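Take a look at the structure below.
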Amino acid sequence: MKARVILFAALLLLLVASSASAAELEIGAKAPGFSLVSAVDGKNVSFKPGDGKLSVVVFTCNQCPYAKAFEGRLNDLGRSYAAKGVKFYAVNSNDDVQYSEETLPNMKARASSKKYPFPYLKDGNSAIAKAYGARVTPHVFVVDGKGVVRYRGYIDDDAKVEAREDTALTNALDALLARKQVATASTKAFGCSIKWKKS
Amino acid sequence: MVNDFRFPSALPIITRMSRLLFSLLVFVGLTAATTAERLVEVPDLAAFRKLAPQTAPLRVLNVWATWCVPCVEEMPDLQRVDDSFASKDVEFVGISLDDALPGDRAKHKKKVLSFLDGRKIKFRNVYYTGKLNRLQDDLRFEGEIPVTFIFDRQGKELWRHQGKIDRQEMVRVIRNLRTKGKG
């Protein structure tokens, strides 16, 4: 009987883990930590929520034109906010078996040629994207020093600089750095669907 | 002495050139009209409904872009489903979100038309030029494309599918909706 219960629980866990996209982390939820391999130097980089640092976890990838349209913007933000003590983690959760552009060597090539100022990490089995409930690239989560999600959604409401009306990510970071409430804590991220690793 | 020399009359040449120019203008005009009609620009959902009014009891609406891999992959299947009904009960319409990317709009539109021609997509498509988050709110979708909806004549959503469609499932859904009298 006990074995059956354990088997059932294991199957249930497997079912939950293998489902494509989970619910997006709520504002106020504890952010999951991770330790993922960095494409550039092959070393593991760990994100430990609650480490006292304001952090941005951004799900992005190599092949999505919409994510690439935000690449320059993200690089600028990574550089300017690093000076204010904000840590950026770029996470690639796309399946690199189905999509060869998403392999570590190709990620390394992209991060190097575009001079990413933050680690570009491989989430090989898409587990971290599932844990955050990320759906698309780019999709960002801002985590405060206590490890709590304070913003989720898009970087800006438009990839075209001239059409931009809501710079939600910078607004959230500026508010949190000033120890103020984030006015718009949740927006709808838009982009290419994450190409889930097939289990 | 009578000077018999006359310059050749320019009239026939001018007439011929006028005719040629006229034909060229008609051709350019018709091409432009066809292009505009095939890929009319819509700034929001209200304009979309006005410029592309629903004529059939059921409307299948597909939101897509040429830069979206699963969108491009499913497009021929959508055309096949449309072909399999070929009735006035169901109409297919696509909303291209190619304008989401920076760059020249005319080039984006040319790419969309070239894609539609290349894949022999015959159902109507429009080109969305408005804010993405507004469309996401209006259609209540999270931000992943492709996303496909079926609406009744009153604009009520009857079905939706996030991600690539399953052709057979979609045929079943449309048949069921027609049987139930929704279409």
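Quick caveat: nothing in here was measured; it's all calculated off a predicted structure. Each chain gets a letter, A, B and so on, in the order the sequences are listed, and its residues count up from 1.
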Mutual orientation of the aromatic rings belonging to A/Y116 and A/F118 [parallel < 30°, tilted 30-60°, perpendicular > 60°]: tilted
A/K195 portion near chain B, given a 4.5 angstrom heavy-atom threshold: side chain
B/C68/A/C192 sulfur atoms closer than 2.5 Å: no
Member of A/Y151, A/Y132, A/Y154 meeting the ring-ring contact (aromatic ring centres under 6.0 Å, His included) criterion with A/F141: A/Y132
With A/C61 via disulfide bond (SG atoms under 2.5 Å apart) - residues at least two apart: none
Region of B/P146 that comes under 4.5 Å of a non-hydrogen atom in chain A: neither
Residue part contacting chain B, namely of A/E162, when any heavy atom lies under 4.5 Å: neither
